[in-house]
Amino acid sequence: MQHYPNLFSSIKIGKTTVKNRIFMPPLSTNLADHGYVTDALVEHYSNRAKGGVGLIITEVTTVEPTYTYLPGDMSIYDDSYIPGWKKLVDAVHQYDTKILSQLFHPAYMAFPVPGTPQLIAPSNVGPYYARSAPRPATVEELHTLVRQFGEAAHRFKQAGGDGVEIQAAHAHGLLGGFLTPLYNKRTDEYGGDMNGRLRLTLEVIREVRKMCGEDFLIDVRISGDEYSDGGLTLNDMIYVSKRLEAEGVDFIHVSGGNTIKRGSSMPAPGTSPAPHARAAEEIRRHLHIPVSTVARINEPWIAEELIANGKTDICMIGRPNLCDSEFANKAFAGKTDDIRPCIGCGRCLTGIMFGKPIACTVNPSVQSDAVTPAEEKKKVLVIGGGPAGMEAAYIAKMRGHEVVLCEKTEEMGGLLRLAAVPIGKQELCKVIKYMTRRLQNAGVEIRKNCEVTPDIIASEYDGYEVICTTGAKAKEIEAYKCFKHTMTADDILSGKGFPGRKIVILGGGSVGCETADYLAPLIDDRFPANRDVTVIEMTDALMAGEGGAAKSVLTQRLMRKGVKLELKSMVTKVDETTITYEKGGKEYVIDDADTLVFAVGYTPIPVAYENMHILGDAGQVGNLKDAISSAYEFAKAL
């Protein structure tokens, strides 16, 4: 507690005392089996409890059998689920961690499982995430659903659970949809005004309390502000929170935004920490029960400051606890440099909608941290100090091998150093720092400014198992290098190239767009010294293959800055002074550009060695997650 005394002080919630203020919010894992708790789920949650979390709220738990939220949902709609839940609850409780289940009905956000009937919604408004036209739920259906919420909560209590969270945030699912004026256009008792829209949530709370008693915790997750025209405002939610408290809710989980406005509920990487803290602070001023805030609380000092400064009583820390299951224990011990850094990329959830289990870019072992010792200890040489090389070297060392890592430059990180340069990408610096420190602590011999040649391998490293992670280099289009001033995006990000004022970037993938963002003025104020940036992309989409908040926020920023985005455009001719491209059957000529920048992908750096294992971009160009995961899997079996 000496390091973060507020964060690690206990808190009384209802009649329950929780050991600290680090709570884990609901994050889908897709690890359930037809709704049933699996050993993988028990291990996942118990690892976080063992890691020191005070209270865990499980992912979405459906309360009835008709509608599925995700293929790997958890459920508790009949008594057959109780034994699995008891196993999970007992596993978490052994570490003095409390556990709540988030009760949920997906409504118009249900997964399109074959045979699913027409989706239900508050009104016949086709919500953004609906995959087909929903119908308004009838009053009789709502009465049944209220009872099913209560019965589900009672089953969780029978399993030994400490309470439930009622999800009513983000215009998400049944209750969130009923609460928001964006979706609820009803004129009966369940709509028409705030009291009507809130009615269903209050009825669910009453039913849960009636069936589970006063000792059973109930929290409600809300959006403190939807940040959207026509949506819920902070003033609305102060009133809602007062009503929830009067109904006997034990604490309020204040999130923000909605599922309609990308990046509002799940903020993009590089954005401000704790974006919903302002709403939490204001709501907290009007209540007598604890309030929590959530989102981008990635470091212990942020959580400590939020609590110490009266912004919140509790910090919901989700993805950082996925990235490092020992987040809380390391923070308590003051070992913050040893916390594996969450970069907020959101890749932990990108595969969820496709039925894949939860994953993490920085932590390839998000489901289990176990690394078994190698049966045969070897001498291992790793060539290259990028993310793949650092991961392979560390895991090999942890398995008992003798490891030497050679990096030809003075700095570790490889292309990750350049990836950290654009706006909003600075958290990648923490990954390099963490991975380097981890190697040093593990005792891996690191040799910098050491370029490995075949002769050196034959002499100095004879008999070593050799792993090559020499990475990739930026592609250039030779035919277009006749332009008066050309360079790659990497040249710019590394400081090797300095572009002129009017710039054309060839390629609208992530690298091209991030480089455009880096070069464009922070505001489009027509100042004479501002750079004029054009991105030419041959497909009909920017950053193809990317999605979520990061892509949305970056695209919006490029548009605000006045970056010209030419999609479905093909460069057909380049000479010393002009760049010609075709779009929609018409030809356009740019004759006043200063610099042509290539952002057209990467190619593996040719490997001059034989009889070795090639990992990361040196084998196949991919993203950071690909590099770390492939190195982890290889070294785990070495």
Side-chain angles (χ1 to χ4, degrees), residues 262-263 267-273 296 298 341-347 350 361-362 386-387 411-433 471-476 487-524 530-537 541-565 595-602 617 621-628:
R262 288 191 189 92
T271 54
S272 298
R296 285 194 55 74
N298 290 354
C342 171
I343 58 175
C345 64
R347 289 191 185 275
T350 51
T361 291
V362 185
E411 295 186 68
M412 305 288 279
L415 286 178
L416 201 55
R417 296 204 310 276
L418 304 188
V421 172
I423 294 170
K425 301 295 291 295
Q426 64 274 6
E427 287 175 337
L428 293 177
C429 296
K430 295 192 290 188
V431 178
I432 300 170
K433 183 178 179 180
K473 62 180 179 179
K475 291 180 179 178
E476 298 177 277
M487 61 189 64
T488 67
D490 282 16
D491 290 333
I492 293 171
L493 299 177
S494 66
K496 295 177 182 177
F498 191 78
R501 195 191 69 83
K502 184 155 186 175
I503 302 158
V504 174
I505 297 176
L506 188 54
S510 294
V511 173
C513 289
E514 289 172 0
T515 304
D517 187 31
Y518 174 69
L519 292 173
L522 291 177
I523 53 172
D524 183 21
N530 287 352
R531 286 191 169 108
D532 182 321
V533 182
T534 299
V535 176
I536 298 178
E537 166 58 38
L542 293 175
M543 296 170 275
E546 297 294 331
K551 177 178 179 177
S552 175
V553 168
L554 176 52
T555 302
Q556 292 176 58
R557 198 160 61 229
L558 291 174
M559 294 170 69
R560 284 198 308 271
K561 289 180 171 186
V563 172
K564 301 177 185 67
L565 303 171
T595 309
L596 176 61
V597 177
F598 298 114
V600 291
Y602 292 84
D617 284 349
V621 175
N623 56 39
L624 176 59
K625 181 178 181 296
D626 297 329
I628 293 178

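One-based numbering along the sequence shown.
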Ser510 OG to Asn623 CG distance, which is reported to the nearest 0.5 Å
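If we round to the nearest 0.5 Å, Ser510:OG and Asn623:CG are 9.0 Å apart.
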Return the CD1 to CG distance between Ile492 and Leu418, rounded to the nearest 0.5 Å.
11.5 Å
When you measure from the side chain of [X] to the backbone N and O of [Y], does any donor-acceptor pair fall under 3.5 Å?
X: Asp617; Y: Gly622; value: yes
X: Lys551; Y: Leu542; value: yes
X: Thr595; Y: Gly500; value: yes
X: Asp491; Y: Thr488; value: yes
X: Arg347; Y: Lys625; value: no

Answer yes or no: are there more than 12 heavy-atom neighbours, outside Ile423 itself, under 6.0 Å from its atom CD1?
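It does: Ile423 CD1 has more than 12 such atoms within range.
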If you draw a 6.0 Å radius around NZ in Lys502, do more than 12 non-hydrogen atoms from other residues or ligands fall strictly inside?
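Enclosed.
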Side-chain heavy atoms of Ile432 within contact of Glu411, under 4.5 Å
no
Side chains of Val533 and Lys564: closer than 4.5 Å at any heavy-atom pair?
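In short, these two side chains do not touch, never coming nearer than 4.5 Å.
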Worked check of side chain to side chain contact (heavy atoms under 4.5 Å, CB included) between Lys430 and Ile343
CA-CA 8 Å; Lys430 295 192 290 188; Ile343 58 175; 6.0 Å; no
In terms of side-chain geometry, is the basic nitrogen of Lys496 or Asp490 positioned less than 4.0 Å from the acidic oxygen of its partner?
no
